[in-house]
Structures are given as C-alpha cells and as structure tokens.
Amino acid sequence: MKQATTENGKDTNGASKETLNNLKKIAAKNGTPVFVIDHEKIRRNYREFEEALPRVQVYFAVKSNSDPEIVRTLYKEGASFDVASMPEFMIVHENIKNLPAKERQDFIWDKIIYANTIKRIETLKELDRYKPLVTYDNIEELKKIKKYAPHAGLVLRIRVPNTGSMVELSSKFGADAGEAVDLILEAFKRGLVVEGISFHVGSQCNNFENYMQALQLSANIMKEAESRGHKINIIDIGGGFPVKYNNKVKSFKTLAHKLNTEFDRLFPKDIEILAEPGRFMVANAATLVAKIIGKAVRDDKTCYYLDDGVYHTFSGIVFDHCVYPLKAFKPGPLKVSAVFGPTCDAFDTISVAEELPELEIGDLVYAENIGAYSIASSTYFNGFPPAKVVHINK
Ligand SMILES: *Cc1c(COP(=O)(O)O)cnc(C)c1O
C-alpha cells in the first residue's frame, strides 16, 4: 500500500517538512480554512516568464487572483495589468494613486489593458477619462466605445483555435479572422484608433500549435491592415501559459522558445508584444489548509467533510476544470475516500476518490497549486465565508 510520506521526510508531492510545519503553524494561529499565498513564488514566476520571453511585457490577468497584495508584489516587479471590470481596474489604480497625475496617466496607458471585449456602458463612461487600452471584437461594441469612451485605444481580439486547452474561450470571444480587417477599418473610419491585435488560446493551453496558428493569423491581419494604410503597433498574445500541475503538462521553456522564434519571423522589430498570464503567475503560489469537520461511512467508503468546498476555494473544480489533490499532514496507508465541502448541497463534492490515510475530525489536510481561479470565485453560500488569506514572504 502507498504511504503518504517517504523516508526522506518529504511528502509524495515534494513539500518539505519545514513547509508542512509552517502551514500547520499558520493554521493553528489563523484557524481554517486558510489560503496561504507565498509571494516569493509569485516573484519567481514573474522572473521566469520575463527571462524566457524577453520581448514580452507581462500584463497580469487580475481575474486569476485579485488579491491586492498580489497586484502590489507584481507591480513592484514591473508588471502591467489586464483588468476586466471597473472594480478590477480600481484594485490596480489603488496602487498608483500616489503618483503625480501625469505619471498616473502614462501608467494607465502603458500598464493597464481592459481586456474584456464586452463592457457595460456605465463602465465605458467611467473609463474614458483614464484613456485606457480596451479590447473589442464586434461592431456593436465598437459603436459603444465610440459613443461612451472615444478616448480609449483599441485592441481587436480575434478568435483563434483553443484545442487542447483546459478552459475554452473561443466560443464566447474573438472576431473571425475573415472579418478582422473590416472591424479595424470600421474603427478608423469612426475616428477611433486601433493599436493592437489580441487573442487567447484558452487557459492552461497544452497544445502549443494554438499559439503558432494565432500568431500567424495575427501577422496576416496586421499585414493586410497595413496595406490598407493602418499600421498596428501591438500584438497581445493573451494568457494560457500552462502550469505544471502534473507531468503531462508540456514545458513552458519549450513554448517560450517557439514563441520567440515566431516573434522574430512574423513581426517587425519595433512591435510591442504583450501577454496576459494569469494562472502562470499565481497557481503554484498558494496552498489551502482545511480541516476535517465531519466523517461518515457510506457504501463502505469513508467520507470526509471539510470546512472548505466547491462553493469556496475549490470553485476551480467546477469553473476551471482543475483538480487539486488533497494531502494529509499525517502519515499512514492510503485508501480511497470521498471528500465533501461544508454546505448543504451534494454538488459540493471535492472528490469521490481521494487517496488519504485514516483521518479524524479536527485533522488538517492541504491542497497545493490552488492559487489561480480558486478563491477568486469563492462565494458566501450557506453562510460560509471565503477562506482567510495569509501572505508569506511578502
Ligand atoms: C482569463 C484571461 C487571461 C488569463 O488567462 P490564463 O490562462 O490564466 O493565463 C488573459 N486574458 C484574458 C482576456 C482573459 O480572459
């Protein structure tokens, strides 16, 4: 039978004894569920991305984890930001409100992209005075932008293959390649300025062909637009950069190498290249510690009830199609168990087949690599609040 810990004191996933002791201490001090964000890991992810893709400016996708402390850490590293709502815009703006007005405006122009192709009219009205970059992918949105945010710079989002990505986005967003040039011309005709082209290959993209095809499509559209008299200055390659949740995930270095080769082959030297990584920056930077609050045996299977579930930090199981293997702090022979969240809904099921040692009420478990699309979509369902957030290595 498999053991939860190995002889060298590391658990099966490689978390060191020191890390585990630290998590236990944090849980003892703060209670559970507790969501522990390691800022050193965020900085490492940012630097790894920058080193691998030197021509690319990072616009961190705030939706993946909108904790203001994360925004602050990435801001200090030199990141720009991708926001998708007025509140997300303000989270970033909070960090820069002490800058003089002129610098603040430059910051907004250079460092924020409002990358939601669908914007409320009220939001456009509010955004206009900040003159931000905004994306669009259809004529109705173009009319709205012209009317309510004429000072915005535009980025056309195109639809690209999302095959083999964990989260598909192409059914909801992106102009077809065939209509792209018309949408660019239409914007200029209305007195707006199209600065760039963007795409998203789907989140947790493990099929690098998606990026290659998207870059080729973008280059074709750019050439065509230029031949019609409009030079495009920005290419925004979106998010999708895969996180090593398991060994089936292909290497980011391989992807970066392919991207760099294509940048040089397809685009002029002076083009600005943006990326909007979300998951890549935060997924491995957070660990959740939860407590067993109930235990039962059903159909000969041990069932554990945690103080956190799919309406809360484990929301990524539903919305992100992600799995978060649960680990116990206790060693012991593993057996297949079911794990549920605390709410009164049977949908609140974390796993029907989790390998755990025999645990008791009051014991702690943890889930690693749970930093992206987790607490960001946590609710207050059934009166249970989101997990407490604790920052380490800030
Ligand atoms: C969600 C999203 C991202 C981030 O995607 P990841 O796969 O987490 O890197 C980037 N850009 C846009 C427009 C998004 O909607």
Side-chain angles (χ1 to χ4, degrees), residues 42 45-46 48-50 52-53 56-67 70-71 74 79-85 87-89 91-92 111-119 123 132-138 141 154-175 195-208 210-211 214 218 234-245 249-250 252 255-256 259 273-286 315-316 319-322 369-377:
I42 296 171
N45 294 337
Y46 182 84
E48 181 187 353
F49 195 97
E50 263 203 323
L53 294 165
V56 179
Q57 171 65 30
V58 169
Y59 281 64
F60 170 61
V62 173
K63 83 164 186 285
S64 61
N65 192 323
S66 58
D67 191 292
I70 293 179
V71 169
L74 285 168
S80 304
F81 298 92
D82 155 13
V83 302
S85 65
E88 281 189 3
F89 182 89
I91 289 170
V92 179
K111 297 218 137 200
I112 301 182
I113 183 166
Y114 193 103
N116 191 340
T117 58
I118 306 296
K119 292 160 286 298
T123 300
L133 269 182
V134 302
T135 61
Y136 77 110
D137 65 7
N138 68 80
E141 196 69 13
L154 271 62
V155 173
L156 176 72
R157 174 143 167 201
I158 59 167
R159 187 175 177 185
V160 299
N162 274 207
T163 322
S165 298
M166 191 162 85
V167 183
E168 198 273 344
L169 297 165
S170 60
S171 59
K172 186 168 173 184
F173 299 111
E195 298 274 344
I197 294 177
S198 77
F199 57 77
H200 198 305
V201 295
S203 199
Q204 184 68 7
C205 173
N206 204 26
N207 173 16
F208 299 162
N210 288 349
Y211 282 102
S218 307
I234 295 172
I235 171 86
D236 174 352
I237 66 172
F241 307 94
V243 166
K244 204 124 191 91
Y245 290 113
V249 179
K250 291 192 197 139
F252 170 69
L255 172 60
L259 286 172
I273 308 173
L274 278 47
E276 302 165 351
R279 182 189 306 281
F280 188 88
M281 294 295 152
V282 292
N284 71 353
S315 61
F319 299 121
D320 197 36
H321 316 289
C322 199
N369 301 321
I370 197 166
Y373 306 114
S374 52
I375 202 158
S377 35

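Numbering of ligands and ligand atoms starts at 1, following listing order.
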Can you list the residues that meet the side chain to side chain contact (heavy atoms under 4.5 Å, CB included) rule with A214, with sequence neighbours excluded?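 Listed in chain order: V160, F199, V201.
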Just by distance, do the side chain of [X] and the backbone of [Y] share a donor-acceptor pair under 3.5 Å?
| X | Y | value |
| --- | --- | --- |
| N65 | G371 | yes |
| N116 | A84 | yes |
| S374 | I370 | yes |
| D137 | F173 | no |
| K172 | S170 | no |

Near [X], which atoms of ligand 1 are under 4.0 Å from a heavy atom of that residue?
| X | value |
| --- | --- |
| A115 | 13 (C) |
| G240 | 5 (O), 6 (P), 7 (O), 9 (O) |
| R279 | 6 (P), 8 (O), 9 (O) |

For [atom], what is the closest protein heavy atom, and at what distance to 0.1 Å?
| atom | value |
| --- | --- |
| atom 1 (C) of ligand 1 | K63 NZ, 1.2 Å |
| atom 10 (C) of ligand 1 | E276 O, 3.2 Å |
| atom 7 (O) of ligand 1 | S203 OG, 2.4 Å |
| atom 5 (O) of ligand 1 | H200 NE2, 3.0 Å |

Side chain, backbone, both or neither: the part of [X] lying under 4.0 Å from ligand 1 by heavy atom:
| X | result |
| --- | --- |
| A61 | side chain |
| T135 | neither |
| Y373 | side chain |

Using a plain distance cutoff, I'd like to know if [X] has any nitrogen or oxygen under 3.5 Å from a nitrogen or oxygen of ligand 1.
| X | value |
| --- | --- |
| G278 | yes |
| R157 | no |
| F241 | no |

Among Y211, F208, F60, which one satisfies ring-ring contact (aromatic ring centres under 6.0 Å, His included) with F241?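 Considering Y211, F208, F60, a ring-ring contact (aromatic ring centres under 6.0 Å, His included) with F241 is found only for Y211.
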With side-chain contact (heavy atoms from CB on, under 4.5 Å) as the test, pick out the partner of L274 among D82, I234, V56, V58.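 Per the side-chain contact (heavy atoms from CB on, under 4.5 Å) rule, the option paired with L274 is I234, out of D82, I234, V56, V58.
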With a cutoff of 4.0 Å, is S64 in contact with ligand 1, counting heavy atoms of the residue only?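 Contact check S64 vs ligand 1: negative.
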